[in-house]
Amino acid sequence: EHKISEISIQKITDTAHVTRGTFYLHYEDKNDFISRSLAEIMTGFFDAVIVRADYVNDKWQYGENGNFRLFSINKAFDYIEENAKTFDVLLNKYENDDFRAEFESKLSKLLSEFFDQSKTMLNSTDGSKFSTDALSDDILIAYLVSAHIGIIQLWLQGGMKYTARYMTKSVDQINDAIEAQFPVSGFFVSQL
């Protein structure tokens with residue numbers, strides 16, 4: 001409801017219906033509260049949307065013990081839809097650039113790990129399938145991360161006039177076109 005710079009400990013304690021003493025039992029100060037709260041939101045999101053899989057017979061086989069961590073588009077849109085107000089504030093309102101930067105960083109790190117793992121493990125079966133020789137990995141990662149976050153922001157800004165299912169289908173179609181040119185970009189999945 002407020003810019004982070006405008007949040008006071010008094011507003012926090014009043015909203016949470018706790019005393020200042022209780023607040024200070026758990027947090028050093030406002031910045032500690034905000035930092036830990038944003039970290040919890042980030043962790044909750046990625047715990048909900050990252051799935052495990054193995055690449056078997058030219059398709060992903062999902063399972064808890066899978067070697068690859070993939071980003072489930074449909075789980076992401078469902079999670080954001082359930083927490084729309086929070087994500088709208090953090091990605092679109094009040095200049096919360098720190099959250100967006102951390103979100104981009106986490107997604108970029110996961111995608112980079114996927115690229116490295118794909119090239120190492122899957123090149124043994126089909127080296128050309130996961131090649132990105134025509135394009136630098138950092139450029140492709142930046143594009144994919146920015147595109148996915150941008151679509152989420154657009155969806156939130158538009159009042160989520162499309163369902164999470166429609167958004168998943170639309171993004172999946174775009175990703176299929178990209179994956180046809182750059183198969184290693186298959187980090188973003190919607191088969192769950």
Student: For Y79, does its backbone N or O pair with a side-chain atom of N83 as donor and acceptor, under 3.5 Å?
Tutor: yes
Student: Find out if a path of hydrophobic residues (ILVMFWY) with successive side-chain heavy-atom gaps under 4.5 Å connects L154 to I80.
Tutor: no
Student: Going by the rule side-chain hydrogen bond (donor to acceptor under 3.5 Å, both in side chains), which residues pair with D32 if we only count those two or more places apart in sequence or in a different chain?
Tutor: R36
Student: Do L107 and F46 make a side-chain contact, defined as non-hydrogen atoms from C-beta onward lying under 4.5 Å apart?
Tutor: yes
Student: According to a 4.5 Å side-chain heavy-atom criterion applied to Ile, Leu, Val, Met, Phe, Trp and Tyr, with indirect links allowed, do L110 and I139 form part of one hydrophobic cluster?
Tutor: yes
Student: Does any N or O in the side chain of S112 come within less than 3.5 Å of the main-chain N or O of S108, such that one atom is a donor and the other an acceptor?
Tutor: no
Student: Quick one: does I12's side chain get under 4.5 Å of Y27's, heavy atoms only?
Tutor: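 No. Closest side-chain heavy atoms not under 4.5 Å.
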Student: I'd like to know if E113 pairs up with K109 as an ion pair, taking the criterion as any Lys NZ or Arg NE/NH1/NH2 lying under 4.0 Å from an Asp or Glu carboxylate oxygen.
Tutor: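 K109 and E113: salt-bridged.
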Student: Any side-chain to backbone donor/acceptor pair from D54 onto V56? Under 3.5 Å, distance only.
Tutor: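 No, the answer is negative, given that no donor and acceptor are paired below the 3.5 Å cut-off.
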Student: If hydrophobic clusters are built by linking Ile, Leu, Val, Met, Phe, Trp and Tyr wherever their side-chain heavy atoms come under 4.5 Å apart, do Y24 and V18 end up in the same one?
Tutor: no
Student: Treating Ile, Leu, Val, Met, Phe, Trp and Tyr as nodes and any side-chain heavy-atom pair under 4.5 angstrom as an edge, say whether I50 and I73 lie in one connected cluster.
Tutor: yes
Student: Testing Y166, F45, W155, Y162 for ring-ring contact (aromatic ring centres under 6.0 Å, His included) with F77, which one passes?
Tutor: W155
Student: Any side-chain heavy atom of R69 sitting closer than 4.5 Å to one from F114?
Tutor: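 No, too far: nothing below the 4.5 Å cut-off.
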Student: Looking at S146 and Y143, would you say the former's side chain and the latter's main chain have a donor-acceptor pair under 3.5 Å?
Tutor: no
Student: Applying side-chain contact (heavy atoms from CB on, under 4.5 Å) to F87 and I41, what does each step give before you reach the verdict?
Tutor: CA-CA 9 Å; F87 280 90; I41 292 167; 4.2 Å; yes
Student: Can you check whether Y55 reaches S118 side chain to side chain, under 4.5 Å on heavy atoms?
Tutor: no
Student: Is the backbone of L91 close enough, under 3.5 Å, to the side chain of Q153 for a donor and an acceptor to pair up by distance?
Tutor: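 Present.
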Student: OG1/T163 to CG/D78 distance, rounded to the nearest 0.5 angstrom?
Tutor: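 Here the rounded value is 9.5 Å.
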Student: Between L70 and Y62, is the side-chain contact (heavy atoms from CB on, under 4.5 Å) condition met? List the steps.
Tutor: CA-CA 10 Å; L70 306 174; Y62 300 97; 4.0 Å; yes
Student: Before you tell me yes or no, could you show the steps for W60 and V51 under side-chain contact (heavy atoms from CB on, under 4.5 Å), namely the whole-Å CA-CA distance, both residues' side-chain angles and the distance that decides it to 0.1 Å?
Tutor: CA-CA 11 Å; W60 292 112; V51 296; over 6 Å; no
Student: Are there more than 12 heavy atoms of other residues, nucleotides or ligands under 6.0 Å from atom CG of N65?
Tutor: no
Student: Check this for me: R165, atom CZ, are more than 12 non-hydrogen atoms of other residues, nucleotides or ligands nearer than 6.0 Å?
Tutor: no
Student: So, Q117 side chain and N67 main chain: donor-acceptor pair closer than 3.5 Å or not?
Tutor: yes
Student: Look at the aromatic rings of F33 and F23 and report parallel, tilted or perpendicular, splitting at 30° and 60°.
Tutor: tilted
Student: Is there a path of hydrophobic side-chain contacts, each under 4.5 Å between heavy atoms of I/L/V/M/F/W/Y residues, joining L38 to I9?
Tutor: yes
